[in-house]
Number of protein chains: 2
Amino acid sequence: MYSPIVSTQKRPSRQERPGTRERLVRSTQELLWERGYVGTSPKAILERADVGQGSMYHHFTGKSELALAAIRRTAEEMKQTAEECLTGPGTAYDRVAAYLLREREVLRGCPVGRMTQDRDVVHSPVLRQPLDEMFGWLRGRIAEVLAEGQRRGELAAGLDPVAGAATVAAVVQGGYVLARAADDTAPFDAAVQGVLALLAAQVTPAAG
Amino acid sequence: MYSPIVSTQKRPSRQERPGTRERLVRSTQELLWERGYVGTSPKAILERADVGQGSMYHHFTGKSELALAAIRRTAEEMKQTAEECLTGPGTAYDRVAAYLLREREVLRGCPVGRMTQDRDVVHSPVLRQPLDEMFGWLRGRIAEVLAEGQRRGELAAGLDPVAGAATVAAVVQGGYVLARAADDTAPFDAAVQGVLALLAAQVTPAAG
DNA sequence: GTCTATATTTTGATAGAC
DNA sequence: GTCTATCAAAATATAGAC
C-alpha cells in the first residue's frame with residue numbers, strides 16, 4: 001500500500017494542505033451532507049475546495065464519480081464511528097446505549113441517511129451500494145451485540161435480535177427526521193430515550 | 001366557504017378534470033415526494049400538470065409559494081391518514097400497531113419526512129412549519145393513545161408516553177431510510193416488528 | 001496537473017399577446 | 001386566465017493554453 005509510485009493517498013507529514021484530489025473529496029462530502037446530490041453543483045465543490053474547474057475534471061470524470069468517492073468515504077467513516085461504540089466495554093445494553101447516545105450533530109442529520117432521499121443516488125446501483133453496505137453492516141452488527149447479550153443471559157431470550165437491531169437503527173435515522181422538522185433536538189433525544197427504556201425492560205434482572 | 005364568487009375550491013360534480021390551480025398543487029405534491037424541493041423545477045411541474053407557464057405564475061408568485069401549498073396539503077393528508085389508524089377500535093397497543101402496520105409505499109418514502117432533508121425547506125420557517133406541525137401533532141397523538149392505555153391499565157405505568165411516541169414515529173421515518181438504502185422493504189418491516197415486540201412487553205398481563 | 005475560456009442545457013421568472 | 005416568447009443566471013461539461 002505504500003509505494004511512492006502508486007500511492008496518492010495521504011502522506012501526513014505534519015499538517016500540510018491536503019492534495020487537490022483529497023480536498024475535492026472532502027468538499028463534496030460536506031456539500032452532499034448539507035445539500036444532497038441534486039443540490040450540489042460542481043461549481044460549489046470547486047469553490048469550497050479552492051480548486052480550478054480543470055483540476056476536478058482531471059481527477060474525476062464528473063459529478064457522479066466524485067460523489068461516489070465522497071459517499072464511499074462518508075459511509076466508511078460512519079461505520080468506524082459506530083463500530084467504536086458497539087465494540088466498547090459493558091453489557092450488550094451498554095453498547096447499544098453507547099451507540100444511541102453518542103455525540104451527534106442532530107440538526108445536521110445523518111450524512112449517509114441523507115443520501116437515501118436523493119433520487120439520483122438511490123436510482124443508481126453504484127451510488128446506492130455504499131449506503132446499502134453501511135446500513136446492512138450496522139443492522140448486522142447491532143444484531144450481533146443483541147444476540148451476544150442473549151447468549152450471556154443479559155437479555156431476554158424472547159427478543160428478536162434482527163428486528164431489534166433494525167428498530168435501533170431506525171430510531172436514530174427517524175430521530176434525525178423528527179428533529180429537523182422541529183428544528184429542535186428534543187424529538188431525537190426523546191426517541192432515543194424511548195427505545196432505551198423499552199430495551200431496558202428486556203434486560204434480565206440478574207444481569208441488569 | 002362556498003360562495004360562487006370567492007370559492008375556487010373543488011366543486012366535485014362527478015369526475016370532471018380538476019381546475020388548473022388544483023392540478024398544479026397535485027403535480028407539485030408528486031414531484032416534491034419524488035425529487036424534493038431542489039430537484040423539482042417549475043418546468044417539470046407545468047409538464048405534469050399539462051399547463052402553460054403563464055398559468056402557474058398567475059396562480060402563484062413562484063416555486064416556493066406553490067411548494068408551500070403542496071406541502072400543506074400533503075401534511076394535512078398525512079395527518080388524516082394517521083388519525084384514522086390511531087382513533088380506530090381496540091386497545092392502545094392495537095391502535096399504535098394499526099398505525100405502524102398500515103399499508104405504505106415504503107420504497108417511495110414519507111412525503112412529509114422527505115421534506116426535512118431539503119435545505120431550502122428546513123431553512124425557510126414558512127415551508128418548515130407544516131412539517132413541524134404535522135410531526136408535532138403525530139407525536140402528541142401517539143402519546144395520548146399510550147397515556148390512555150396506561151389509564152385503562154392496558155400498558156405498564158412505567159412507560160413514558162412522550163418518549164414512546166417519539167420512538168414509534170421515529171421507527172417509521174427511519175424505517176423508510178433503511179428500506180430505501182437497501183432498495184428492499186424488509187428493513188422497514190423488521191424495524192416495525194421490533195418496536196411492536198418491545199411495546200408488547202409493556203402490555204399488562206390482564207389486559208393483553 | 002492546473003488554469004481560464006467557451007459551449008450547451010436547464011432553471012426560474014417576466015412580458016405581453018390573445 | 002391561459003398561452004407563447006424572451007431572458008439572465010446557473011448547472012455541467014469540454015477545449016485548449018500553460
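We name chains A, B, ... by the order of the sequence lines, and we start the count at 1 in each one.
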For nucleotides 2-18 of chain D, 5' to 3', base contacts (B), sugar-phosphate-only contacts (S) and non-contacts (-) with protein non-hydrogen atoms under 4.0 Å give BBB------SBBB----
Expressed in angstrom and rounded to an integer, what is the separation of B:L46 atom CG from C:dT14 atom P? 14 Å
Sequence-distant partners of A:K79, salt bridge (Lys or Arg N to Asp or Glu O under 4.0 Å), two or more places apart: A:E133
Check the distance between C:dT11's C1' and B:L66's CG and give it to me in whole angstrom. 15 Å
Round to the nearest Å and state the distance from B:L24 atom CG to C:dA13 atom C1'. 15 Å
Run the salt-bridge test on B:R95 and B:E154 with the 4.0 Å N-O cut-off and return the result as yes or no. no
Distance, rounded to the nearest Å, where B:E47 contributes CD and C:dG12 contributes P: 13 Å
A:R23 has an atom CZ; how far is it from atom P of C:dG1, in whole Å? 14 Å
Tabulate below the donor-acceptor pairs under 3.5 Å that side-chain atoms of residues 121-131 of chain B make, not counting sequence neighbours, or state none.
unit_1 : atom_1 : unit_2 : atom_2 : d
B:S124 : OG     : B:L127 : N      : 3.2
B:R128 : NH1    : A:A181 : O      : 2.9

What pairs with A:R23 under side chain to side chain donor-acceptor pair (under 3.5 Å), at least two apart in sequence or on another chain? none
For B:S64, side chain to side chain contact (heavy atoms under 4.5 Å, CB included) partners two or more places apart: B:Y37
Return each pair, listed once, that meets salt bridge (charged side-chain N to carboxylate O under 4.0 Å, His left out) where at least one residue sits in residues 176-198 of chain A; pairs must be two or more places apart or across chains. none
